[in-house]
2 protein chains.
Amino acid sequence: MNSLPATATEHERLIRKLASIAVLTAAERDALAGLPLRLRSIPENTDLVHEGETPSECCLIVEGFVGRYKLLGQGQRQIMSFHIPGDIPDLHTLQIRVMDHSLGALAPCRVAYIPHAALTDLVRTHPGLCTALWRDTLVDAAILREWLANIGRRNAHQRLAHLYCEIYMRLHAVGLAEGRRFVFPVTQAELGDAQGLSTVHINRVLQDIRRDGLIASDGTETVISDWLRLQAAGDFEPEYLHLRPDAGAEFHTRSAISARVVVGRASPTLT
Amino acid sequence: MNSLPATATEHERLIRKLASIAVLTAAERDALAGLPLRLRSIPENTDLVHEGETPSECCLIVEGFVGRYKLLGQGQRQIMSFHIPGDIPDLHTLQIRVMDHSLGALAPCRVAYIPHAALTDLVRTHPGLCTALWRDTLVDAAILREWLANIGRRNAHQRLAHLYCEIYMRLHAVGLAEGRRFVFPVTQAELGDAQGLSTVHINRVLQDIRRDGLIASDGTETVISDWLRLQAAGDFEPEYLHLRPDAGAEFHTRSAISARVVVGRASPTLT
DNA sequence: CGCAGATTTGAATGCAATCAACACTGGTGG
DNA sequence: CCACCAGTGTTGATTGCATTCAAATCTGCG
C-alpha cells in the first residue's frame, strides 16, 4: 500500500494523493477513477499554464515535477511552490478563473487534463469530494504559509534543510520515496528562485549541508542521510502538511502518535 | 454603495466582503444575513485562536485588525497576513480542523463567532455560497503567494510600498478607505515581522518612503500621497487580489495597458 | 510624574548578492 | 569522432543591504 511505483495509473495517482490528506469512501474513489482525462507529455522548461490565462481544464501531474512561479517587474522570478505527481496545482481555477501566476515543468512531465465541467459535476454529486478538493487547496495554502515563514525568518541553511524535509515527506506520502531516497530534479538556479536566494549561495549552502552529512546525492537521486539532524537543522515540524496519520504518522516526532505497521518493506533495489 | 462606514452591522461587513470577490444573489445575501453570530470584543495583543487548537467556530472580523502568525523555533515571529473587517481568517478550519498558526488582534477588535455547523448548513443549502467561501480561501492563498514573491524577491522599499498598496485596496474594496485615507494600526515591529525585516530597518525605509512623498501619516490615519508612484515603487499590480470590477476596476491602470503576455521562461540571467 | 511601548538615530557587523571565471556534463552537428 | 555549445555546478573576491547592538527621544496613559 505504501509503495506505489512508477507504474501507477493516472487516476491512481490522484486518488493516492487525495487519500493522503482526506478520507475517501469507495464510491468517491470510483467517482475519481471515472474522471475523463486527456493525457499529454510536457517537455522540460515549458509552461503548462501561464499567468493571465483562463483555462477550462485542470492539470493533474502524473509524472515529473512542476513549479508555480511569478515573474516580477525587474525580470526576477519567484517560484512559490513545487508540485509532484498527484497534485493538481491549478485546482483553484475552478473558482478563480484567471491565473495570477504560471505553472512550468521543471522536469519532463506527463500531465492529465481534467475538464472543469467534469470536476464541477463531481463536486456537485459527491459533497465529500467537494470537501476533499477544497481541503486540497487549503493544504496548498498551508504549505505556502510555511514557505513564507521559511523565507521571511530563516537563514539559508535552515531554508534548504526545511525544503528537503518537506519534499521528502510529500513524496513519501504518495509513495514516491522509498528508503529516504527520491528524485528531486530541480536545478540550483530554481532552488534559488524558490528560496529567495542567489544560485551561488544555494551552491555553497548545499555543499555545507552535504558536508555535514545531512543529505547526499548520487547522480539523479537525493538521499536523506540523517533525517533527525536534517529536521533539526531546518526547524521542521510536519504538522502544516496536514497529512493523514497513516501517510505521515511516523514523522510526527512531537505529537505522540502510536507506531504504525510499516507495510512497504525495505527493498534493496529502488524504483 | 462604496462607502460603508463604521456603522455597518456585522452581517453587512461579511456580505460586503464576499460581494467584493464574488457575485451574490439576493437569496444568498439573505442566507448570510441569517447566520447566527456571537459577538465579542477582543483587546489588542491577544489571540483569537492559536496554533494547535481545533476550533468549532469561525471568526468574522467586524472591527479592528488581525494578524496571522507563526512562532518559529528561535523565538522569531512571522506574520503571514493581515486581516481586516469582513474577513474570516480561519475559514479554513471548516475543512482542516487543527490550526497550524495563530490569529492575534493587532488592534482592539470586535469579532463575531460563527459556529461551524451554521456554515456547513449554509454551504449545503446554498451551493453558490460554497463557491463564494471556497473562493474566499483561494483569494487568501493568492495574497499569500504575492507576499511570498514580495519577501523572496523584492527589497525593503519595494516590499513596504507594495504592502501599503495592498492594504489600501483591500480596505477600499470593503468601504473602509475614503479619499486614499485609512487607518492601519500596525506597529513597525509588526511590519518587520510581516516583511521579514528588522524593526530598525522598517523605520528607516518608512522614513524614506514618507520623505519621497509616497505616503504620509497624520496621527492615526495613513494617507497615500502619490498612488501612481507608490504602485510603481512597489511593483504593484492588483490582479492577484481578484476583486470584482466594481470593487477595484478604477485601479487597474498600469496592467490594462501592458497586458501581461509572458512567453517562455525567465532566464535567471537576462542581464 | 513615571512608566512602558513605540519610534528614531548611530555605529559596527554579517549574511547573502554580485561579478567574474572556470570546470563539468550531455547533446548537436560538422 | 571530435569540436562546439549551452546549461549547470563550483570557486574566489568584492560589495551592499539589512541586522544587531545600544541608546536616546517621543508618546500615551494610569
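Below, chain A is the first sequence line, B the second, and so on; all start at residue 1. Computed from heavy atoms alone, side chains included, the values below leave out hydrogens, waters and symmetry copies.
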Peer 1: Checking side-chain contact (heavy atoms from CB on, under 4.5 Å) against Leu176(B), which of Glu63(B), Arg16(B), Arg13(B) comes through?
Peer 2: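 Of the listed options, the one satisfying the test is Arg13(B).
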Peer 1: Let me spell it out: for each of Glu190(B) and Ala156(A), pick the nucleotide of DNA chain C with the closest heavy atom. Which residue's pick is nearer the 5' end?
Peer 2: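 Result: Glu190(B).
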Peer 1: Separation of Arg154(B) atom CZ from dA17(C) atom C1', in whole Å?
Peer 2: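 Interatomic distance, CZ of Arg154(B) to C1' of dA17(C): 18 Å.
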Peer 1: So, OP1 or OP2 of dT10(D): does either fall under 4.0 Å of a side-chain N or O from Arg210(A)?
Peer 2: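 Yes, such a contact exists.
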Peer 1: Between dA16(C) atom C1' and Asn155(B) atom CG, what is the distance in whole Å?
Peer 2: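 Spelled out: CG on Asn155(B) to C1' on dA16(C) is 14 Å.
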Peer 1: Arg153(B) CZ to dT18(C) C1': how many Å, rounded?
Peer 2: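 Going from Arg153(B) (CZ) to dT18(C) (C1'), I get 13 Å.
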Peer 1: Do the side-chain N and O atoms of His83(A) and Ser81(A) include a donor-acceptor pair separated by under 3.5 angstrom?
Peer 2: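 There is such a pair between these side chains.
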Peer 1: First locate atom CG of Leu171(B), then atom CD1 of Ile84(B), and finally report the distance between them rounded to the nearest 0.5 Å.
Peer 2: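 Leu171(B) CG to Ile84(B) CD1: 4.5 Å, rounded to 0.5 Å.
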Peer 1: Out of dT7(C), dG9(D), dA17(C), which has the shortest distance to the side chain of Thr187(B)?
Peer 2: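 Of the candidates, dT7(C) comes closest.
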Peer 1: Figure out the CD/C1' separation between Gln195(B) and dC17(D), and round it to whole Å.
Peer 2: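 Taking CD of Gln195(B) and C1' of dC17(D), I get 16 Å after rounding.
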Peer 1: The side chain of Ser198(B) is closest to which nucleotide in this list: dG9(D), dT8(C), dT20(D)?
Peer 2: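 Nearest to the side-chain atoms of Ser198(B), counting from C-beta on, is dT20(D).
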Peer 1: If the cut-off is 4.0 Å, is Gln207(A) near the phosphate of dG9(D), judged by side-chain N/O to OP1 or OP2?
Peer 2: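 The answer is no; no side-chain N or O of Gln207(A) sits under 4.0 Å from OP1 or OP2.
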Peer 1: Please determine, for the side chain of Val200(B), which listed nucleotide (dA16(C), dC19(C), dG10(C)) has the closest atom?
Peer 2: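 Nearest to the side-chain atoms of Val200(B), counting from C-beta on, is dG10(C).
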Peer 1: dA11(C) C1' sits how many Å from His201(B) NE2, rounded?
Peer 2: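 Atom NE2 in His201(B) sits about 16 Å away from atom C1' in dA11(C).
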Peer 1: Just checking, any donor-acceptor pair under 3.5 angstrom between side chains of Glu166(B) and Trp147(B)?
Peer 2: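 On atom types as modelled, these side chains qualify, holding a pair under 3.5 Å.
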Peer 1: From the options dC21(D), dA18(D), dA13(D), select the nucleotide whose nearest atom is closest to the side chain of Arg204(A).
Peer 2: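 Ranking dC21(D), dA18(D), dA13(D) by closest atom to the Arg204(A) side chain puts dA13(D) first.
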Peer 1: Do any side-chain nitrogens or oxygens of Asn203(A) fall under 4.0 Å of OP1 or OP2 in dT10(D)?
Peer 2: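 It does, given that an N or O in the side chain of Asn203(A) lies less than 4.0 Å from OP1 or OP2 of dT10(D).
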Peer 1: When the distance from CD of Gln188(B) to P of dT9(C) is rounded to whole Å, what number comes out?
Peer 2: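 Those two atoms, CD and P, are 10 Å apart.
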Peer 1: Between Val205(A) and Leu206(B), who's closer to the 5' end of DNA chain C by nearest nucleotide?
Peer 2: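 Comparing both residues, the 5'-ward one is Leu206(B).
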Peer 1: Report the distance from atom CG of Leu106(B) to atom P of dG5(C), rounded to the nearest whole Å.
Peer 2: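 About 16 Å, once rounded to whole Å.
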